[in-house]
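A short worksheet on the structure shown next.
Everything numeric in this text was worked out from a predicted model, so none of it was measured.
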Amino acid sequence: MNSYVINLCDSEFNPENKLIHYISAERRERLKYYHFDIDKKISLYGELTVRMALAKFLNCSPKEFTFEKNNYGKPYISNISNLFFNMSHTRNAILCSVSDIGEVGVDIERIDNCFPQYMNRLYNIEEIRYLDTFLYEDRKKEYCKIWTRKEAFGKKYGFGIGQNLSEINTLIPQNDNKYFTWQEHSYICSTYCDVKEKNDKDIITEQNLNEYFSVW
């Protein structure tokens, strides 16, 4: 598995950005309906990151991929088999993971954005007992770790958070080797895949994407 994290340097969106030509016609059309610049920028750089991640994995052109969505709305590559990806974003940050072993789900959240006021409704009793062993600041980080694992689990199967999250216990020992959870600056990242594999992580920038696509 290869995972890429990009932290956008600002929220300004440039409608003349040449990178827009590298995304799908559907996404170019979708950009017109976003009201805020940051949402347009996240959408643009989200697909660019996915295309770059897939192309580097296969050592091919980032233009080769056609995306569709399954019945749950989860995107997949329709013209290439046995290659899986998932992407998540939060304000100013994007996470994308690619695997050729099996379906993958990912989530990224800013630690300060995770608040435990809904813990009793969304968390498993074992997770709540675990969190109660930490003081406030550490508890907030652990709360975020569990939340991103829940999201990654749901996105792997395609249902997102559309089921009773309190039934999901992300701390079950036999499932622990299916998760990767790590911190990048002020963000917590998690991936979930049924089959344990190495996770090669890379931090990229807007400049990296500009340089990568300039040769195509």
Side-chain angles (χ1 to χ4, degrees), residues 1-8 42 45-46 49-50 52-54 57 72-76 83-119 121-131 133-134 137-204:
M1 184 189 302
N2 290 350
S3 296
Y4 295 87
V5 177
I6 175 172
N7 191 1
L8 302 177
I42 286 286
Y45 281 91
T49 303
V50 168
M52 185 197 71
L54 293 169
F57 202 90
Y72 293 101
K74 181 180 181 181
Y76 67 95
L83 185 62
F84 311 93
F85 77 94
N86 199 223
M87 189 268 289
S88 174
H89 68 83
T90 186
R91 272 303 191 229
N92 294 90
I94 297 166
L95 167 64
C96 172
S97 294
V98 178
S99 171
D100 60 355
I101 293 181
E103 289 283 1
V104 59
V106 307
D107 189 50
I108 181 170
E109 300 288 348
R110 188 178 179 90
I111 296 172
D112 288 343
N113 290 344
C114 289
F115 301 103
Q117 63 262 43
Y118 302 114
M119 186 167 63
R121 183 161 57 89
L122 301 177
Y123 280 42
N124 183 274
I125 186 63
E126 295 299 325
E127 294 171 333
I128 294 173
R129 289 171 180 166
Y130 170 78
L131 290 169
T133 65
F134 292 90
E137 284 302 320
D138 290 331
R139 185 186 302 175
K140 187 162 59 173
K141 184 184 298 185
E142 294 301 317
Y143 178 92
C144 194
K145 288 180 180 179
I146 292 176
W147 179 255
T148 57
R149 284 187 167 203
K150 285 181 181 286
E151 286 268 26
F153 178 88
K155 291 182 67 178
K156 184 266 181 188
Y157 289 103
F159 54 71
I161 59 173
Q163 76 166 45
N164 189 347
L165 294 183
S166 65
E167 295 178 358
I168 301 172
N169 182 3
T170 64
L171 303 178
I172 296 175
Q174 57 265 38
N175 286 342
D176 192 58
N177 64 352
K178 299 177 182 179
Y179 290 103
F180 282 106
T181 301
W182 71 99
Q183 183 173 351
E184 294 291 352
H185 302 295
S186 57
Y187 298 95
I188 297 294
C189 307
S190 284
T191 69
Y192 179 88
C193 186
D194 280 335
V195 182
K196 182 69 172 181
E197 56 178 312
K198 182 181 178 183
N199 186 18
D200 292 320
K201 302 182 287 291
D202 195 9
I203 308 299
I204 59 174

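Nearest approach of C144 to I111, heavy atoms of both residues: SG-CA, 4.0 Å. Nearest approach of M52 to I204, heavy atoms of both residues: CE-CD1, 3.7 Å. Contact record, C193 with G102: SG-O, 4.0 Å, taken as the closest heavy-atom pair. The nearest pair of heavy atoms linking S3 to T191 is OG-CG2, 4.0 Å. Contact detail for K74 and V104: the closest heavy-atom pair is NZ-O, 3.3 Å.
N92 has its side chain within reach of N7: a pair of non-hydrogen atoms, C-beta onward, lies under 4.5 Å apart. When side chains are defined from C-beta on, W182 counts as touching N199, because their heavy atoms get closer than 4.5 Å. Using a 4.5 Å heavy-atom threshold, the side chains of F153 and S190 count as separate. For the pair I42 and I94, the minimum side-chain heavy-atom distance is below 4.5 Å. T49 places none of its side-chain heavy atoms less than 4.5 Å from the side chain of M87. Counting heavy atoms from C-beta on, the side chains of D202 and N2 never come closer than 4.5 Å. Contact of the Y192 side chain with the N86 side chain is not registered, since no non-hydrogen atoms from C-beta on lie closer than 4.5 Å.
Under a 4.0 Å N-O distance rule, the pair K196/D176 does not qualify as a salt bridge. Using a 4.0 Å cut-off between charged nitrogen and carboxylate oxygen, K150 and D107 do not count as a salt-bridge pair.
One finds the CZ atom of R139 at 11.0 Å from the CD1 atom of I146 (value rounded to the nearest 0.5 Å). A distance of 7.5 Å separates CG in L131 from CG in L171, rounded to the nearest 0.5 Å. Rounded to the nearest 0.5 angstrom, C96 SG and Y4 OH are separated by 8.5 Å. Within the model, atoms NZ of K178 and CD of E197 stand 13.0 Å from one another, a figure rounded to the nearest 0.5 Å. Interatomic distance, L95 CG to T148 OG1, rounded to the nearest 0.5 Å: 9.5 Å. How far CZ of F57 is from OG of S99: 6.0 Å, rounded to the nearest 0.5 Å.
For the 3.5 Å distance criterion, the side chains of Y179 and N177 fail to qualify, holding no donor opposite an acceptor. Side-chain N/O atoms of E151 and S88 include no donor and acceptor closer than 3.5 Å. Counted by atom type alone, S186 and R110 present one or more donor-acceptor pairs between their side chains at under 3.5 Å.
K141 NZ: 12 or fewer foreign heavy atoms inside a 6.0 Å radius.
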After noting the C-alpha distance and the side-chain angles of K140 and D112, does the key distance pass the side-chain contact (heavy atoms from CB on, under 4.5 Å) rule? CA-CA 8 Å; K140 187 162 59 173; D112 288 343; 3.6 Å; yes
Could you give me the CA-CA distance, side-chain angles and deciding distance for F180 and V106, then say whether side-chain contact (heavy atoms from CB on, under 4.5 Å) is met? CA-CA 9 Å; F180 282 106; V106 307; over 6 Å; no
Begin with the C-alpha distance, continue with both residues' side-chain angles, and end with the deciding distance and a verdict on side-chain contact (heavy atoms from CB on, under 4.5 Å) for V5 and K201. CA-CA 8 Å; V5 177; K201 302 182 287 291; over 6 Å; no
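Residues Y143 and Y123 bring their aromatic ring centres within 6.0 Å.
Side chain of D100 to main chain of L83: no donor-acceptor pair is present (N/O by atom type, distance under 3.5 Å, no hydrogens or angles).
For the side-chain hydrogen bond (donor to acceptor under 3.5 Å, both in side chains) with T170, the lone residue among K145, E127, E126 that qualifies is E127.
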